[in-house]
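As structure tokens, the structure follows; a few thoughts come after it.
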Amino acid sequence: DHRDLHSFPTRRSSDLPVFASLAVPTAPMSTRFLLQAPAAVLARAGDAGAEAFLRGTLRRDPDPHLRARAAEVAGPVEALRSDLALAVDDPEVRVREAAINAFAAAGGQAPSGLAEALARRLASDEWTIVRAAAARTLGTLPPLPKVDAALAAALTDLYPDVRGSAIDALGAHKATA
């Protein structure tokens with residue numbers, strides 16, 4: 001009989017002593033990495049301990065691989081949306097990319113200031129993958145004149161992936177100007 005954490009949406013980490021015993025700052029990096037997805041499932045079910053574990057990784061873990069993994073899985077956790085928005089400005093490129101992509105994948109209500117942060121990344125991030133992800137994610141947000149203006153400005157980006165993502169986003173917004 002195969003079961004996973006998705007089969008138990010009402011469980012709490014206090015009900016899962018193995019999770020609670022492993023989700024500690026002193027656990028090996030590989031263990032903490034593997035715990036991010038189960039923590040997101042538990043946090044979505046309202047588990048405060050799992051939410052705190054995921055939030056702590058996203059905000060404070062010194063390892064960018066762990067912060068990126070936390071960003072990847074945090075999108076569907078409404079309680080972590082503002083923390084995920086802060087990760088859009090993380091100093092590490094893969095964390096920024098993961099946070100931006102998590103918003104596009106999760107949908108839902110965008111936290112205050114997200115569109116502006118994405119527009120800044122689209123206009124000035126040194127990494128093409130971040131600029132392209134910002135354009136794609138802006139396309140999933142409700143159309144606003146300042147968002148469409150940022151997307152239109154990206155049509156002159158040096159890299160085709162960024163320009164193509166901006167065109168797709170403008171199309172999603174049904175922009176005409």
Side-chain angles (χ1 to χ4, degrees), residues 4-13 16 19 22-23 29-122 125 127-144 147 150-151 154 161-162 164-166 168-169 172-173:
D4 62 24
L5 286 175
H6 296 283
S7 302
F8 302 101
T10 60
R11 300 289 302 256
R12 304 284 187 246
S13 59
L16 303 170
F19 179 86
L22 293 173
M29 183 273 200
S30 58
T31 300
R32 294 188 340 256
F33 185 94
L34 292 172
L35 286 174
Q36 298 306 309
V41 171
L42 290 166
R44 282 184 66 197
D47 184 284
E51 181 183 315
F53 173 74
L54 197 54
R55 177 177 283 117
T57 303
L58 187 59
R59 283 184 158 188
R60 294 181 299 278
D61 200 287
D63 190 314
H65 299 96
L66 286 170
R67 291 195 315 276
R69 180 62 179 150
E72 286 173 3
V73 300
V77 183
E78 287 293 326
L80 295 176
R81 288 306 196 90
S82 60
D83 300 288
L84 192 57
L86 293 174
V88 168
D89 290 321
D90 193 276
E92 294 292 332
V93 61
R94 293 296 181 182
V95 177
R96 293 193 305 272
E97 179 193 25
I100 292 168
N101 286 334
F103 278 112
Q109 183 67 32
S112 176
L114 178 64
E116 293 81 4
L118 293 173
R120 275 194 316 275
R121 286 289 156 207
L122 176 59
D125 201 281
W127 290 92
T128 305
I129 57 173
V130 172
R131 294 194 312 276
R136 283 190 301 275
T137 302
L138 283 168
T140 68
L141 299 180
L144 296 169
V147 168
L151 289 165
D161 191 35
V162 177
S165 295
D168 290 343
H173 287 178

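Taking CG of Leu22 as the start and CZ of Phe53 as the end, the distance is 9.0 Å to the nearest 0.5 Å. Once rounded to the nearest 0.5 Å, the distance linking CZ of Arg81 with CG of Leu84 reads 7.0 Å. Separating the CD atom in Gln36 from the CG atom in Asp61 is a distance of 8.0 Å, to the nearest 0.5 Å.
Annotation for Leu122 and Ala150: closest pair CD2-O, 3.5 Å, computed over non-hydrogen atoms. Residues Ala134 and Leu118 come closest through the heavy atom pair CB-O, 3.6 Å. In terms of heavy atoms, Arg69 sits closest to Phe33 at CB-CE1, 3.5 Å. A pairwise comparison of heavy atoms in Arg67 and Pro62 identifies NH1-O, 3.4 Å as the closest pair. Across Leu42 and Ala50, no two heavy atoms sit closer than the pair CB-CB, 3.5 Å. Taking all atoms of both residues into account, the shortest heavy-atom contact from Ala172 to Gly139 is CB-O, 3.7 Å.
Under a 3.5 Å cut-off, the side chain of Arg96 and the backbone N or O of Asp90 do form a donor-acceptor pair. Arg32 contributes no side-chain N or O that, together with a main-chain N or O of Leu66, makes up a donor-acceptor pair within less than 3.5 Å. Using modelled atom types, no side-chain atom of Arg136 and backbone atom of Ser165 make a donor-acceptor pair closer than 3.5 Å. In this structure, the side chain of His173 engages the main chain of Leu138 through a donor-acceptor pair within 3.5 Å.
Every residue meeting the side chain to side chain contact (heavy atoms under 4.5 Å, CB included) condition with Asp83, not counting sequence neighbours, appears here in chain and number order: Arg55, Leu58, Arg59, Leu80. Ser82 meets the side chain to side chain contact (heavy atoms under 4.5 Å, CB included) test with no other residue; sequence neighbours excluded.
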Any chance you could lay out the salt bridge (Lys or Arg N to Asp or Glu O under 4.0 Å) test for Arg120 and Asp89, step after step, and finish with the verdict? CA-CA 10 Å; Arg120 275 194 316 275; Asp89 290 321; 3.2 Å; yes
Distance-only check: which donor-acceptor pairs under 3.5 Å involve side-chain atoms of residues 97-112, not counting sequence neighbours?
residue	atom	partner	partner atom	Å
Glu97	OE1	Arg94	NH1	2.9
Asn101	ND2	Glu97	O	3.3

